[in-house]
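First listed ligand is number 1; within each ligand, the first listed atom is number 1. When a residue number appears, it is its place in the shown sequence, counting from 1.
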Amino acid sequence: MKHLRTRVAIIGSGPSGLALGQLLHRQGIDNVVLDRVSAEYILKRIRAGILETGFAELMREAGVSARMDRDGLVHDGFAIAFNGHSTRIDLKGLTGGRTVLCYGQVEITHDLIDARVQSGQPTFYEASDVRLHDLTSDQPSITFQHDGENCTLHCDYIAGCDGFHGVSRQSIPAELRTEFERVYPFGWLGVLSDTPPVDEELIYCRSERGFALASMRSHTRSRYYIDVPLTAKVDEWSDDAFWAELKRRLPYDAAERLVTGPSIEKSIAPLRSFVCEPMQHGRLFLVGDAAHIVPPTGAKGLNLAASDVSTLYRILTRVYRDNDLSCVPLYSEIALRRVWHGERFSWWLTRLLHHFDEQGRHDKSGNSGRRFTESELQYLLGSEAGRRLIAEQYVGLPYESLPESRAAMAAANAA
Ligand code: APR
Ligand code: PHB
């Protein structure tokens, strides 16, 4: 048995785990990252690409923003097309100047992996049989196998950044967990192609035929989605079939501009809203997809992971820099307040932009739910207040600050 020691053990080297590891490292807080797959495997995952201001600022604080600031596309707004009419959501004008950054998650992960290598902090890829122990003691540990060796990692705290299918959430006793879940009756078929985007900004579409999203990764690489029934199989969708259906759902002018080409990635993702409460148990903290999942409509998945990371990083910095443990018990309640805002917004926008029953798509008989939704969308897009509601949440609600530290209060009292 090989024994290792660190301050913070991080399970998962996706965006959550790597961002947390880098931020802690810059505060001189030793940490170890474990992942069950290789870095190469992780970099093959195609994920979203819209960063809130908060996430971009966190990457700058982590010192890994050079490529993001160079290559990321600043978006001042996006469009919502409803039954062929496009309405622009003027993010910058409606939120006092705030914007979003279009920069692929795989690029973020690339930048974070490079920084991890430069930091020299220990990272164990292809670690197997990861198990968490003694979470409610002051000496938690993780056992795992690596390179055929049995290892025990002794630590002060464990950050479960291991995604929806990870081991961390399951390590909280079931009787202490409350899980909230909503599964949607459709999935998103996504295509990545080296073709120029149809527009400078994103276009979300609610058409008679269903949902479509025209996004991008750069001026030469596009990302498109259409919603498909849960029974759909990606092999059933040729590139030609996908492009033809996308054209039917995009507004006319965008459809006319659409440049098609071979898909370099094509996959179907299910849509789900999921939250685990609480997000901490003893010395274990759940971060990102390990604790919550959102439908991608609001582009909140990565951005909610970022606010979890920001909260946990600041709490642990207080612990090790100021010997102030007062905020440790507050992580879950602080993180969940913003998580639920992101969950609600993602559910709300998904409901507004998708047909929720197969009947609603083609049936002309009285489907009042469909009319209520169309009327709501019409009202929101037609009113500045409605567009501001969408804009404020899309750019991201502010991160919640920690309560004033004891050190800060003592300094203020002494002054
Ligand atoms: N042991 C070790 N590592 C594990 C285990 C395990 N038992 N289970 C999962 N992992 C690793 C996975 O291999 C993966 O690399 O944890 C990592 C989790 O990464 P993500 O799923 O990307 O989760 P997160 O870092 O929170 O990022 C959230 O990614 O999935 C998207 O939409 C999501 O944008 C959001 C972001
Ligand atoms: C993407 O570019 O992959 C993307 C953008 C916005 C979303 C979802 C996905 O809401």
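- Regarding atom 2 (C) of ligand 1, its nearest protein heavy-atom neighbour is Arg36 N, 3.3 Å.
- Applying the 4.0 Å criterion to heavy atoms of Leu302 picks out, from ligand 1, the atoms 34 (O), 35 (C).
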Task: From CA spacing to verdict: salt bridge (charged side-chain N to carboxylate O under 4.0 Å, His left out), Glu245, Arg248 - done: CA-CA 5 Å; Glu245 185 57 35; Arg248 292 188 195 102; 2.8 Å; yes
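- Minimum heavy-atom separation, Thr297 to Leu349: O-CD2, 3.7 Å.
- Nearest protein neighbour of atom 3 (O) of ligand 2, counting heavy atoms only, is Tyr225 OH, 2.6 Å.
- Remark: ligand 1 atoms within the under-4.0 Å shell around heavy atoms of Gly288 are 26 (O).
- Close approach of ligand 2 to Ile50 (heavy-atom distance below 4.0 Å) involves ligand atoms 5 (C), 6 (C).
- Atom 26 (O) of ligand 1 has Ser16 OG, 2.7 Å as its closest protein atom, hydrogens excluded (heavy atom only).
- Among all protein heavy atoms, the one lying closest to atom 14 (C) of ligand 1 is Arg45 NH2, 3.2 Å.
- Using a 4.0 Å cutoff on heavy atoms, Ala127 does not count as a contact of ligand 1.
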Task: Stepwise side chain to side chain donor-acceptor pair (under 3.5 Å) test for Asp324 and Ser326 - done: CA-CA 6 Å; Asp324 175 0; Ser326 60; 2.5 Å; yes
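- For ligand 2, the atoms closer than 4.0 angstrom to any heavy atom of Ala48 are 3 (O).
- Within the structure, the ring-ring contact (aromatic ring centres under 6.0 Å, His included) test picks out the following pairs touching residues 57-78 (sequence neighbours left out): Phe78-Tyr204, Phe78-Tyr394.
- In terms of polar-atom proximity, Gly301 is not counted as a contact of ligand 1, lacking any N or O under 3.5 Å from an N or O of the ligand.
- Residue contacts with ligand 2: Arg217 is placed with a nitrogen or oxygen under 3.5 Å of a nitrogen or oxygen of the ligand (distance criterion only).
- In the model, Thr123 has no side-chain atom that pairs as donor or acceptor with a side-chain atom of Gln121 under 3.5 Å.
- Rounded to the nearest 0.5 angstrom, Ile46 CD1 and Ser267 OG are separated by 8.0 Å.
- Scanning all protein heavy atoms for the shortest distance to atom 27 (O) of ligand 1 gives Pro15 CD, 3.5 Å.
- Residue Arg47 touches ligand 1 through its side chain alone, judged by heavy-atom distances below 4.0 Å.
- Close approach of ligand 1 to Val130 (heavy-atom distance below 4.0 Å) involves ligand atoms 1 (N).
- Proximity of Ala299 to ligand 2, defined as any heavy-atom pair under 4.0 Å, is shared by backbone and side chain alike.
- At the top of the distance list for atom 29 (O) of ligand 1, counting protein heavy atoms only, stands Gln105 NE2, 3.1 Å.
- The side-chain contact (heavy atoms from CB on, under 4.5 Å) test with Leu304 singles out one residue from Val275, Ile293, Val287, Val294, and that residue is Val294.
- Between Cys276 and Arg177 the shortest heavy-atom distance is SG-CD, 3.9 Å.
- Under a 4.0 angstrom heavy-atom cut-off, Ala48 registers as lying outside contact with ligand 1.
- At least one test fails for Arg344 against the ring of Trp340: distance under 6.0 Å to the centre or angle within 45° of the axis.
- When only non-hydrogen protein atoms are considered, atom 18 (C) of ligand 1 lies nearest to Cys161 O, 3.4 Å.
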TODO: Apply side chain to side chain donor-acceptor pair (under 3.5 Å) to the pair His133 and Thr143, showing each step before the final yes or no.
DONE: CA-CA 8 Å; His133 307 278; Thr143 53; 2.6 Å; yes
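- Relative orientation of the Trp188 and Tyr225 rings is tilted, given thresholds of 30° and 60° on the angle between their planes.
- Closest protein heavy atom to atom 6 (C) of ligand 2: Tyr204 OH, 3.3 Å.
- Using cut-offs of 30° and 60° on the angle between ring planes, the pair Phe186 and Tyr184 is tilted.
- Near Arg223, meaning under 4.0 Å from any of its heavy atoms, are these atoms of ligand 2: 3 (O).
- Ionic pairing of Lys233 and Glu236 is not present here: no N-O contact between side-chain nitrogen and carboxylate oxygen is shorter than 4.0 angstrom.
- Below 4.0 Å from some heavy atom of Val37 lie the following atoms of ligand 1, by number and element: 13 (O).
- Closest protein heavy atom to atom 8 (C) of ligand 2: Pro296 O, 3.3 Å.
- The cationic group of Arg26 does not satisfy the cation-pi geometry with Tyr313, failing either the under 6.0 Å distance to the six-membered ring centre or the 45° limit from the ring axis.
- In terms of protein heavy-atom proximity, atom 19 (O) of ligand 1 is nearest to Gly14 CA, 3.7 Å.
- With a heavy-atom cut-off of 4.0 Å, Asp35 touches ligand 1 through backbone and side chain alike.
- Residue Ile42 has at least one heavy-atom neighbour below 4.0 Å for each of these atoms of ligand 1: 15 (O).
- Below 30°, between 30° and 60°, or above 60°: for Phe345 and Trp348 the angle between ring planes is between 30° and 60°, a tilted geometry.
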- [ ] With side chain to side chain donor-acceptor pair (under 3.5 Å) as the test, would you mind laying out the steps for Glu126 and Ser128 before giving the verdict?
- [x] CA-CA 6 Å; Glu126 296 175 305; Ser128 58; over 6 Å; no
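- In this comparison of Leu34, Ile50, Asp162, Leu18, the heavy atom closest to atom 10 (N) of ligand 1 sits on Asp162.
- No part of Ile293 comes within 4.0 Å of ligand 1, judged by heavy-atom distances.
- Checked against a 3.5 angstrom limit, the closest N/O atoms of Tyr394 and ligand 2 fall outside it.
- Residues Asp156 and Tyr320 have side chains that bring a donor and an acceptor to within less than 3.5 angstrom of each other.
- Closest protein heavy atom to atom 33 (C) of ligand 1: Asp289 OD2, 3.1 Å.
- Here is the list of ligand 2 atoms found below 4.0 Å of a heavy atom in Leu202: 5 (C), 6 (C).
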